[in-house]
Enquirer: 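Have a look at this one before I ask anything.
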Amino acid sequence: MSKQRVSWENYFMNIAKEVATRATCDRKKVGAVIVRGRTILSTGYNGSLRGLPHCDEVGHEMENGHCTRTVHAEANAIVQAARHGVRVEGSEIYITASPCYNCFKLIVNAGIIKIYYGEFYRDERITKLAKQLGLELIHLGKTQT
C-alpha cells in the first residue's frame with residue numbers, strides 16, 4: 001500500500017514552519033522560503049539585526065504594539081538571496097504568516113509573483129493590493145506533515 005505524498009505547496013510550507021523554529025522573537029516565530037521551479041532559493045526567519053542581541057536575549061523593542069527589534073522573515077529571505085547573488089524574480093514565497101504591509105511591498109518589488117501563507121496576520125491591505133497587481137495570495141491554512 002503506497003502512502004500519498006504531500007503536495008509541493010504543503011512540502012514548502014512545512015519547510016517554512018521548520019525555518020520558523022530558528023526565529024528569535026518569542027512574540028511570533030515566522031519562517032519564509034523562496035522557491036522557483038520547485039527549488040529552494042532562500043530562507044529567512046524573524047530575528048534581530050546581524051550582530052545585535054535578539055529579543056529572546058534582551059527583550060523586545062515595542063512600538064504601537066509591535067516588536068521593532070526584529071527583521072521579518074520575508075525580508076530576511078530576500079536579503080539572504082541578495083547577499084548570495086540569487087535572483088528571486090519570478091519566484092514564489094511560502095510564509096508561515098501573511099506578510100505585513102512593508103514586507104508585502106518588498107515581496108512585490110523583488111519580483112516574487114506568488115505568496116503562500118499559513119495564517120492570516122493583521123493587514124487586510126495586502127489582499128486588495130495583491131488583487132490590483134494580479135499577484136496570487138494563497139492561504140494554505142493548516143498543512144499536512
Side-chain angles (χ1 to χ4, degrees), residues 3-127 129-130 133-145:
K3 182 180 174 189
Q4 184 157 353
R5 295 168 74 188
V6 67
S7 70
W8 284 107
E9 292 82 9
N10 286 339
Y11 171 75
F12 291 121
M13 185 58 76
N14 287 338
I15 293 171
K17 287 179 180 179
E18 188 64 26
V19 170
T21 66
R22 293 277 309 151
T24 59
C25 183
D26 55 6
R27 294 192 78 239
K28 186 147 192 80
K29 294 184 179 286
V30 179
V33 178
I34 300 175
V35 175
R36 186 175 47 242
R38 296 182 179 162
T39 300
I40 295 172
L41 303 176
S42 183
T43 65
Y45 53 86
N46 54 320
S48 294
L49 294 173
R50 189 178 294 270
L52 292 181
H54 296 285
C55 297
D56 59 4
E57 298 168 336
V58 296
H60 303 283
E61 287 180 16
M62 299 299 293
E63 289 180 22
N64 300 321
H66 299 279
C67 180
T68 58
R69 179 181 296 282
T70 61
V71 177
H72 291 186
E74 309 91 302
N76 273 327
I78 291 168
V79 168
Q80 224 20 43
R83 284 180 56 116
H84 295 284
V86 176
R87 187 174 155 260
V88 298
E89 188 173 7
S91 65
E92 305 172 343
I93 189 166
Y94 292 79
I95 317 163
T96 56
S98 61
C100 70
Y101 187 55
N102 286 328
C103 286
F104 178 80
K105 293 185 286 185
L106 289 175
I107 289 166
V108 169
N109 281 1
I112 296 171
I113 58 172
K114 195 180 287 189
I115 301 170
Y116 293 91
Y117 65 94
E119 70 171 284
F120 185 79
Y121 186 67
R122 295 188 189 223
D123 207 319
E124 295 286 344
R125 292 178 288 186
I126 67 169
T127 305
L129 291 174
L133 293 165
L135 187 146
E136 290 186 73
L137 186 61
I138 301 162
H139 180 224
L140 289 179
K142 292 204 180 260
T143 57
Q144 301 173 15
T145 54

Enquirer: How about Ile126 and Ser98: do any of their side-chain heavy atoms sit closer than 4.5 Å?
Expert: yes

Enquirer: Tell me whether Asn46 contacts the main-chain N or O of Val30 through its side chain, where contact means a donor paired with an acceptor under 3.5 Å.
Expert: yes

Enquirer: Evaluate the side-chain proximity of Tyr116 to Leu137: yes if any heavy-atom separation is below 4.5 Å, no if none is.
Expert: no

Enquirer: Under a 4.0 Å threshold between the charged nitrogen and the carboxylate oxygen, would Glu57 count as salt-bridged to Arg69?
Expert: no

Enquirer: Look up atom SG in Cys67 and atom NZ in Lys28, then write down how far apart they are to the nearest 0.5 Å.
Expert: 13.5 Å

Enquirer: Determine the minimum heavy-atom distance between Leu106 and Ala75, stating which atoms define it.
Expert: CD1-CB, 3.8 Å

Enquirer: Ignoring hydrogens, what is the shortest heavy-atom contact between Ala20 and Lys29? Give both atom names and the distance.
Expert: O-CB, 3.6 Å

Enquirer: Apply salt bridge (Lys or Arg N to Asp or Glu O under 4.0 Å) to Glu92 and Arg38, showing your working.
Expert: CA-CA 9 Å; Glu92 305 172 343; Arg38 296 182 179 162; over 6 Å; no

Enquirer: Counting distance only, does the side-chain N/O of Thr68 pair as donor-acceptor with the main-chain N or O of Met62 below 3.5 Å?
Expert: no

Enquirer: Measure up the Phe12 and Trp8 rings against each other and bin them: parallel (under 30°), tilted (30 to 60°), perpendicular (over 60°).
Expert: parallel

Enquirer: Under the 3.5 angstrom rule, does the side chain of His54 hit a backbone N or O of Thr24 as a donor-acceptor pair?
Expert: no

Enquirer: Mind checking the CE-OH spacing from Met13 to Tyr117? Nearest 0.5 Å is all I need.
Expert: 9.5 Å

Enquirer: Identify the heavy atoms of Tyr121 and Ala97 that sit nearest to each other, and give their distance.
Expert: CB-CB, 4.0 Å

Enquirer: Can you tell me how far apart CD (Glu124) and OG1 (Thr127) are? Round to the nearest 0.5 Å.
Expert: 5.0 Å

Enquirer: Rounded to the nearest 0.5 Å, what separates atom OG in Ser42 from atom CD1 in Ile93?
Expert: 8.5 Å

Enquirer: When you measure from the side chain of Arg125 to the backbone N and O of Cys100, does any donor-acceptor pair fall under 3.5 Å?
Expert: no

Enquirer: Are any of the side-chain heavy atoms of Asp56 and Cys25 separated by less than 4.5 Å?
Expert: no

Enquirer: Quick one: do Lys105 and Val108 satisfy side chain to side chain contact (heavy atoms under 4.5 Å, CB included)? Show the steps, please.
Expert: CA-CA 5 Å; Lys105 293 185 286 185; Val108 169; 5.8 Å; no

Enquirer: When you measure from the side chain of Asn10 to the backbone of Val6, do you find a donor-acceptor pair of N or O atoms at a distance under 3.5 Å?
Expert: no

Enquirer: To the nearest 0.5 Å, how far apart are CD1 in Ile112 and CD1 in Ile34?
Expert: 4.0 Å

Enquirer: May I ask you to decide if Ala16's main-chain N or O and Thr96's side chain share a donor-acceptor pair within less than 3.5 Å?
Expert: no

Enquirer: Would you compute the distance between atom CD1 of Ile113 and atom CD1 of Ile107 and round it to the nearest 0.5 angstrom?
Expert: 13.0 Å

Enquirer: Give the minimum heavy-atom separation between Ile138 and Glu136, together with the two atoms involved.
Expert: CD1-OE1, 3.8 Å

Enquirer: Under 3.5 Å, side chain of Asn76 to main-chain N/O of Val71, donor-acceptor pair present?
Expert: yes

Enquirer: Looking only at side chains, do His60 and Asp26 share a donor and an acceptor under 3.5 Å apart?
Expert: yes

Enquirer: Has Glu61 got more than 12 heavy atoms of other residues, nucleotides or ligands less than 6.0 Å from its CD?
Expert: yes

Enquirer: What is the minimum heavy-atom distance between Pro53 and Ser48, and which atoms define it?
Expert: O-OG, 2.9 Å

Enquirer: So do the side chains of Ile15 and Tyr94 get within less than 4.5 Å of each other, counting heavy atoms only?
Expert: no

Enquirer: So which heavy atom on Glu74 is nearest to which on Cys103, and how close?
Expert: OE2-CB, 3.6 Å

